[in-house]
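Just so we're clear, the structure is a prediction, and the values are computed from it rather than from any experiment.
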4 protein chains.
Amino acid sequence: MSLNKVILIGNVGKDPDVRYFDSGTAVANFPLATSERGYTLANGTVVPERTEWHNIVVRRDQVAFVEKWVKKGSGVYVEGKIRTRSYDDQSGVKRYVTEIHADRIEFYNTGTRPADGTATNAGTGFQQGGQPQATQQATSYQQPVSQQPDISTDSNSADDLPF
Amino acid sequence: MSLNKVILIGNVGKDPDVRYFDSGTAVANFPLATSERGYTLANGTVVPERTEWHNIVVRRDQVAFVEKWVKKGSGVYVEGKIRTRSYDDQSGVKRYVTEIHADRIEFYNTGTRPADGTATNAGTGFQQGGQPQATQQATSYQQPVSQQPDISTDSNSADDLPF
Amino acid sequence: MSLNKVILIGNVGKDPDVRYFDSGTAVANFPLATSERGYTLANGTVVPERTEWHNIVVRRDQVAFVEKWVKKGSGVYVEGKIRTRSYDDQSGVKRYVTEIHADRIEFYNTGTRPADGTATNAGTGFQQGGQPQATQQATSYQQPVSQQPDISTDSNSADDLPF
Amino acid sequence: MSLNKVILIGNVGKDPDVRYFDSGTAVANFPLATSERGYTLANGTVVPERTEWHNIVVRRDQVAFVEKWVKKGSGVYVEGKIRTRSYDDQSGVKRYVTEIHADRIEFYNTGTRPADGTATNAGTGFQQGGQPQATQQATSYQQPVSQQPDISTDSNSADDLPF
DNA sequence: TTTT
DNA sequence: TTTT
């Protein structure tokens with residue numbers, strides 16, 4: 001009788017940290033920022049913007065995808081679960097850290113670009129490819145996909161409404 | 001033992017249709033498009049882009065918000081539930097139509113603009129406004145209806161007409 | 001700029017219909033009921049219980065799981081997306097039907113039992129096993145991996161090291 | 001370009017702590033347990049059950065509802081967002097705690113009963129009650145309530161709370 | 001530490 | 001057509 005579900009859309013704070021273990025497994029970690037827009041109440045009270053930072057943990061097949069494509073600034077969609085783990089800090093004091101263990105990661109169209117100006121649009125990367133490996137990764141994400149192609153050219157136009 | 005939850009982000013297909021009833025209740029309807037990016041499988045199979053159209057139904061306090069701010073082309077976030085209703089068509093044949101009854105609607109920052117070039121960006125629209133009423137609306141969507149200050153004035157009334 | 005996400009918890013209305021195609025693919029369909037409890041408003045208005053029926057469509061590896069374990073009465077958790085398809089009915093009139101294409105299905109602990117009295121509790125069913133196949137199925141649903149092309153190559157291996 | 005959404009179904013670890021402030025606002029806090037069922041991989045590796053504890057924070061109108069109805073053992077559905085706040089501990093070291101700020105809380109039908117054997121079934125409580133206030137509360141949750149949890153057999157007991 |  |  002339990003459900004532990006998290007859905008996040010936000011921006012990656014820095015390039016993922018990927019670690020490989022002797023067992024052959026791998027883990028990727030990166031911070032993800034979600035922001036609530038600030039607003040002003042009717043009574044004049046100003047509620048400022050608020051940014052939340054999430055620790056994303058990625059395992060298994062998605063590690064390779066993350067290592068290759070997810071960069072600082074990337075806009076990503078993350079589905080997963082909340083997990084809090086504890087550890088003893090330098091002083092021997094028990095500390096807790098809450099992480100989001102991702103079950104699914106996709107690029108999200110934010111129109112952002114990495115620092116070097118290269119498009120991070122996964123769709124482009126995957127589909128222009130000639131990179132079978134990347135393509136394969138993509139399919140494992142169901143909707144490989146990523147940042148939608150330039151929303152300004154978005155064909156979600158209402159011209160072909162079926163009703 | 002039941003959950004019926006829908007989360008959509010997409011673009012509004014046409015200006016909402018708003019109807020008012022003698023009972024004082026109101027309903028807004030509009031089509032919302034979500035798109036799955038096409039992709040190419042490793043074996044060369046091309047899966048084309050696919051656009052899905054959803055019938056969004058809005059009631060109660062959010063109707064006024066929708067009527068005022070939601071337009072064709074708007075990028076919106078919708079949370080709600082699935083409902084399928086039936087009706088008899090012209091030929092007396094029973095037909096079914098599935099709709100998404102929205103519990104929450106927010107503008108979603110897509111940078112898109114409506115046909116007339118006016119920014120639909122909620123933040124901009126709401127905050128630049130100097131329109132206290134609009135601002136009030138906006139905040140009520142930032143903080144879902146359930147948390148509205150005065151539930152006793154909540155019009156969760158018996159307006160669920162059988163259509 | 002799009003999201004099409006459905007989360008349902010409900011009860012299966014009848015044994016799934018499973019069809020196999022020459023291409024080697026398979027599809028399972030079953031109706032799922034979600035119910036909203038009725039309630040009485042402060043003003044005495046009675047809002048009766050309401051049951052919603054959803055058409056669930058399952059493909060790929062989960063078909064075998066559904067065929068084997070999901071039965072009329074089963075309590076299941078379904079994650080997926082909304083899809084509306086059209087077809088021409090006997091009279092040549094275009095009809096629309098909305099379905100939920102499942103990306104993930106899990107048993108949900110409702111303590112319900114199928115008609116023959118066998119426990120449908122996934123944990124029980126899966127773990128009492130001595131059914132290696134069932135066990136394998138079970139793990140694939142604990143860690144969704146949902147629609148990956150070939151579950152036999154699924155790398156959901158025993159990599160959940162305690163770190 | 002942001003979404004921060006959490007959906008939890010679990011059992012309340014202890015009676016909520018409710019605090020009132022001079023400003024007239026109130027906050028309720030309680031721990032919520034979600035559990036992942038353990039399972040055995042095909043290779044024999046046993047992945048044990050895992051219980052996750054979440055710090056739920058409730059504000060505004062739902063505080064009164066929580067104070068009145070939510071108890072240790074209650075099975076609840078919580079929708080909200082993740083927030084991590086920091087504070088300086090006794091040693092002046094900065095600490096972080098992650099909380100789930102609830103936008104919506106509902107009782108969830110698990111068929112369980114509280115320790116004293118009294119049915120906590122919200123539906124019953126709200127509707128049989130002749131407690132207009134309770135009824136009013138219920139409607140503010142849209143889907144006033146469901147049924148309750150099998151706490152008596154539930155091993156999510158609050159005895160091993162990590163906080 | 002991201003982004004708009 | 002399910003379930004509580």
Problem - Candidate nucleotides E/dT1, E/dT2, F/dT3, ranked by approach to the side chain of A/Ala33 - the nearest - result: E/dT2
Handout entry: Rounded distance in Å - OH (D/Tyr96) to C1' (E/dT1)
Key = 12 Å
Exercise for the section: Figure out the CG/C1' separation between B/Leu3 and F/dT4, and round it to whole Å. Expected result: 16 Å
Exercise for the section: Can you sort out the partners of A/Asp89 under side chain to side chain donor-acceptor pair (under 3.5 Å), two or more places apart, ordered by chain and number? Expected result: A/Arg95
Problem - Heavy-atom side-chain proximity of D/Val93 to D/Asp88 below 4.5 angstrom - result: no
Practice task
Calculate the interatomic distance between A/Leu32 atom CG and E/dT1 atom P; express it in whole Å.
Solution key: 16 Å
Handout entry: Spacing of C/Ile56 atom CD1 relative to F/dT1 atom C1', expressed in whole Å
Key = 13 Å
Exercise for the section: Report yes or no: do B/Glu106 and B/Tyr108 form a side-chain donor-acceptor pair below 3.5 Å? Expected result: no
Exercise for the section: Measure from the side-chain heavy atoms of A/Pro31 and tell me the nearest of E/dT2, E/dT1, F/dT1. Expected result: E/dT1
Handout entry: side-chain hydrogen bond (donor to acceptor under 3.5 Å, both in side chains) assessment of A/Thr51 paired with A/Ser35
Key = CA-CA 4 Å; A/Thr51 295; A/Ser35 302; 3.3 Å; yes
Practice task
Classify the nucleic acid contact of A/Thr51 as base, sugar-phosphate or nothing, counting any heavy atom under 4.0 Å across all strands shown.
Solution key: base
Exercise for the section: Specify the separation, in whole Å, of atom CG of B/Asn4 and atom P of F/dT2. Expected result: 19 Å
Exercise for the section: Please report, rounded to the nearest Å, how far the P atom of F/dT1 is from the CZ atom of C/Phe30. Expected result: 18 Å
Practice task
Could you tell me the separation between the CD atom of C/Glu52 and the P atom of F/dT1, rounded to a whole number of Å?
Solution key: 17 Å
Practice task
Scan D/Ser2 against the nucleic acid and name what it touches under 4.0 Å (heavy atoms): base, sugar-phosphate only, or nothing.
Solution key: nothing
Fill in the blank from the handout: Taking F/dT1, F/dT3, E/dT3 as options, the one with an atom nearest any side-chain atom of C/Lys72 is F/dT1
Exercise for the section: Counting heavy atoms from C-beta on, name the nucleotide in F/dT3, E/dT3, E/dT1 closest to the side chain of C/Asn11. Expected result: F/dT3
Exercise for the section: Could you state the atom-to-atom distance from CG of A/Leu8 to P of E/dT1 in whole Å? Expected result: 21 Å
Practice task
Could you check C/Glu49 against C/Trp53 and say which one's nearest nucleotide on DNA chain F is further toward the 5' end?
Solution key: C/Trp53
Problem - side-chain contact (heavy atoms from CB on, under 4.5 Å) involving C/Ala28 - partner list, sequence neighbours excluded - result: C/Val18, C/Val58, C/Val63, C/Val66
